[in-house]
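The next block holds one structure in the form of C-alpha cells; read it before the comments.
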Amino acid sequence: MLDKTRTLPALLMILPSVALAFWIIGYPIYDVAHTSLHAVNRFGKVQDFAGLANFARLFEDPIFIGSLWRTILWTVTVVGGTILLSIPIAVMLNEDFHGRGVARVIVMLPWAISLAMTAIVWRWSLNGQYGMINATLFQLGILERPTEWLANFDTAFPIEIGIGILVSIPFTSTVLLGGLSSIPNDVYEAATIDGATGWQRFRFITLPLMKPFLQIAIVLNVINVFNSFPIIWVLTQGEPANSTDILVTYLYKLAFRYGKLDVAAAMSLIMFAILLVFTAAYIILAARSEEKGA
Amino acid sequence: MTPKLKRSILYWLILGPFAVVALFPFAVMLSTALKPADEIFVFPPTWLPTRLAFENFVEMWSATGFGVALFNSLWISTAGTVLSLLVAIPAAYAMARLRWHGQGFYRQFLLVTQMLSPIVLVIGIFRLMAAMGLVDSQWALVLGYAAFNLAFATWMMSSYFKTIPKEIEEAAWIDGATRLQSLVRVFLPMALPALAVTGIFTFINCWNEFVLALTILRSNEKYPLTLQIFTLVGGAYKINWHHVMAATFAATVPVAVVFALMQRALVRGLSLGGVK
C-alpha cells in the first residue's frame, strides 16, 4: 500500500520546505547573481549592467587571490587535521577503559561553546600582555618576553587553524564513533582467531567499514570549514593587513565595511560555484559507492 | 596490571593533550570570571585570583545586558527550531514513506541548501530582508535559521522514520484511522526520539549562529547572547574581561550540561541521520 507512487501528497508535504528555502535561499542566490553583473552605487542601489567587470576586478585584486589561497590552506589543514585526530580519538572512545564516560564528555565539550564565544575566550587567552597563554608559558619557563600572538600572520594563522581543528573534532569524532559502534564485535573476534594483529584489524576491518562515515564527515567538514566565519572574524578580523583573511571574512568586509556590494556579490557567486563543484563531486562519489553496493 | 588498566593509562596519556586544550577555555573563563577587577590587568598574569570575586557574576548580569540577551537567544532559537521541525516533519515523512516523481531531485535540492551557509548569501539575504522591512527584526533570524537547518532536520528525521515499521501505521488504517490520525497518534509518538535529537541540534545551531545576527540586527536590546558578548569585545576601548568571561561562562555551562547528559543519544542520532 505504501509503495505506490504518490506524487501529489508528497508534493504537498514538501511544499512548505520548498517555499521557505526558495524564499530565503533561492531568491538571494538570484539576487546575488543579478547584483554581480551590475554596478552598485554607494547606497546599495543596483545600476547599469556591467557584464563580467566585477569578476575581472576581483581577479585583479591581490587580497582576493591571497584569500582564495588561504581558504584552500585553511580548509585542507583544518579538515585534514580534524580527520587525522578524530579517527584515533573515536577508536579509543569506542573501547572500554577507565574513565571513558568522562573522556567522551571532554571530547564533546568544545561543541557546547558557540564558535564566536570560543574565539572570544581564545582572543583573551592570547592577549600579548595579560593572556593566560603567555602566563602559562612564563611559568613553565618556555617564554621570556610577552608575545603578541595575534599581531602577525606567522603565529595568528596557525593558531586559528588549531582552534578550527579543536572545534571540529567533537562533531567529527561523534560521527565516527557512531559508525564504529555499528560494527558488530564478532567480526573482530573472528579476525583475532584468524591471527590478525591490531593494526591489521584496523586496516582491513575498521577502515573499510568506516568509509561511508569518513566520507560524510569529510564532506560536512569541508562545507563547514570553508564557510567558517566567526573564528577568524573574532580573533583577527583578517588582520594584520588582510594577511589572515579567508574568502568569507574578505567577503564580509567588501560588502559591509567597504560597501562594494557589486564586487562582493561576484565573490559570493564564485564561492557558490566552488561549493557546487564540491557537492557535485560528492554526489558522483556517493552514487559510485552505492553502485558498488558499499 | 590488567590489560584494561594498561589500556586506560595509555589512552589517557594520548587523550591528555587534547583534553587539556579542550578544557583550557573553560579554565580561562572561570579563572578570569572569578578575579577581582583590579587583578585582570596585572603583569605578569596569574591563574589564581587572590580572592574569589563571585560578585562579578552579579555585576555582569546588568553590565552586559545578560538577561535580555539570554531571553532573546532563547526565544529566537526556540521559534527557529519549532518552525524548522514543523516544515521538515512532513518533508521527512514524504522522503521516508512515499515514492514519488522528483524524489531524487528533492534530495539534491536539500543537499544544495545544506552546503550553503548564510555567509555565502549574506548580501542577497540582507537585501531581501531590507526590501521586506525585516532589517533589525528578530523574525528575520527565525525564518533564516529555520531555512538553513531544514536540510539537516529533514535528513536526520527521514532516516529515523525509515526505521519505524510500516506495519504499525497500516494496522492503524485497518482500524479505521485516517492518514492524518495515524500520523499524529501513532507515527509521531514513535518518532519522538528523532524529533528530540534533531530539535536539540537545530536549537544549538540557532543558539550559536553569528553571521546573520551580526548582519541583520541593529539595536542592542534585540541581540542574542553570542552577538551581545561579541559586541562587548568588538570596538570598546576598555574591555571588562572579568564580566565578559563571567558572561561566556554563564552562557556556556547550560549547553555543556545538555551535551554531557545527551552524549549517548547524540552519538546514536548522528550515526543514524548522517549516513543511512
Side-chain angles (χ1 to χ4, degrees), chain A residues 1-3 5-7 10 13-14 16-17 20-21 24-25 27-28 31-32 92 97-98 103-106 108-118 120-121 124-125 129-130 132 135 138 166 174-175 177-179 182 212-213 216 223 227 229-230 248 255 261 264-265 268 271-272 275 279, chain B residues 4 7-8 11 15 19 21-22 25 28-29 41 43-46 87-88 90-91 93-94 97-101 106 111-113 115-117 119-121 123-125 127-128 143-144 146-147 150 166 170 208 210-211 226 229-230 233 241 248 252 255-256 259-260 263 266-267 270-271 274-275:
Chain A
M1 220 187 317
L2 275 163
D3 282 323
T5 302
R6 297 181 151 273
T7 302
M13 284 182 188
I14 62 165
S17 65
L20 185 65
I24 298 182
I25 301 174
Y27 177 79
D31 186 71
V32 163
M92 287 191 281
F97 67 98
H98 293 291
R104 281 190 175 190
V105 171
I106 292 177
M108 280 203 194
L109 268 186
W111 210 350
I113 328 178
S114 82
L115 277 186
M117 286 196 209
T118 305
I120 288 170
V121 176
W124 167 234
S125 314
Q129 295 290 321
Y130 310 107
M132 297 320 290
F138 287 148
L166 175 72
T174 303
V175 170
L177 188 55
S182 71
F213 294 89
I216 194 91
I223 292 171
N227 288 324
F229 177 79
V248 285
L261 279 183
S268 279
M271 293 171 64
F272 179 64
L275 284 165
T279 311
Chain B
K4 184 174 169 182
R7 195 174 347 147
S8 306
Y11 284 8
L15 284 171
V21 181
V28 170
M29 282 190 250
F41 295 107
F43 190 85
T46 54
V87 172
Y93 185 86
R97 279 290 198 262
L98 307 177
R99 276 198 319 125
W100 37 287
H101 297 292
Y106 183 67
L111 201 62
V112 173
T113 68
M115 125 207 136
L116 287 167
S117 86
I119 179 74
V120 178
L121 298 177
I123 300 165
I125 294 174
R127 288 165 51 89
L128 171 73
L143 292 165
L150 205 72
K166 292 174 185 175
E170 287 170 343
N208 290 342
F210 182 66
V211 174
T226 321
I229 294 175
F230 171 72
V233 305
W241 284 106
T248 51
T252 299
V255 189
F259 265 82
Q263 169 250 116
L266 295 180
V267 172
L270 262 191
S271 63
V275 178

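A note on names: the letters A, B, ... follow the listed sequences, proteins ahead of strands, and every chain is numbered from 1.
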Between [Y] and [X], is there a side-chain heavy-atom distance shorter than 4.5 Å?
| X | Y | result |
| --- | --- | --- |
| B:Val28 | A:Trp124 | yes |
| B:Leu98 | A:Met13 | yes |
| B:Thr248 | A:Ile113 | no |
| B:Phe259 | A:Leu109 | no |
| B:Phe230 | A:Pro230 | no |

Please look at [X] and chain A and tell me whether the side chain, the backbone, both or neither of the residue comes under 4.5 angstrom of a heavy atom of that chain.
| X | value |
| --- | --- |
| B:Phe41 | both |
| B:Ile125 | both |
| B:Ala88 | neither |

* In terms of heavy-atom pairs under 4.5 Å with chain A, which of B:Ile229, B:Leu150, B:Ile119, B:Thr252 leads? -> B:Ile119

* Partner chain A: residue of B:Thr113, B:Val112, B:Leu116 with the largest heavy-atom pair count (under 4.5 Å) -> B:Leu116

* Please answer whether the main-chain N or O of B:Trp100 pairs with a side-chain N or O of A:Thr7 as donor and acceptor at a distance below 3.5 Å. => no

* Asked: Between A:Leu115, A:Val32, A:Leu166, which has the largest tally of heavy atom pairs under 4.5 Å with chain B?
  -> A:Leu166

Determine the minimum heavy-atom distance between [X] and [Y], stating which atoms define it.
| X | Y | result |
| --- | --- | --- |
| A:Val105 | B:Ala260 | CG1-CB, 3.8 Å |
| B:Met115 | A:Asn227 | O-ND2, 3.2 Å |
| A:Met132 | B:Pro45 | SD-CB, 4.5 Å |
| A:Pro28 | B:Leu128 | CG-CD2, 4.3 Å |
| B:Ile123 | A:Ala265 | CD1-N, 3.5 Å |
| B:Ala94 | A:Ile14 | CB-CG2, 4.2 Å |

Measure the [atom1]-[atom2] distance between [X] and [Y] for me, rounded to the nearest 0.5 Å.
| X | Y | atom1 | atom2 | value |
| --- | --- | --- | --- | --- |
| B:Arg127 | A:Asp31 | CZ | CG | 4.5 Å |
| A:Met92 | B:Leu15 | CE | CG | 4.0 Å |
| B:Leu143 | A:Ile24 | CG | CD1 | 4.5 Å |

* Structure fact -> Turns out that what part of A:Phe229 lies under 4.5 Å from chain B's heavy atoms comes down to side chain

* Asked: Which bit of A:Ala10 is near chain B, if near means a heavy-atom gap under 4.5 Å: side chain, backbone, both or neither?
  -> both

* Between B:Leu121 and A:Tyr27, is a side-chain contact (heavy atoms from CB on, under 4.5 Å) present by the stated rule, with each step listed? -> CA-CA 10 Å; B:Leu121 298 177; A:Tyr27 177 79; over 6 Å; no

* Is the number of heavy atoms from other residues, nucleotides or ligands within 6.0 Å of NE2 (A:His98) greater than 12? -> yes

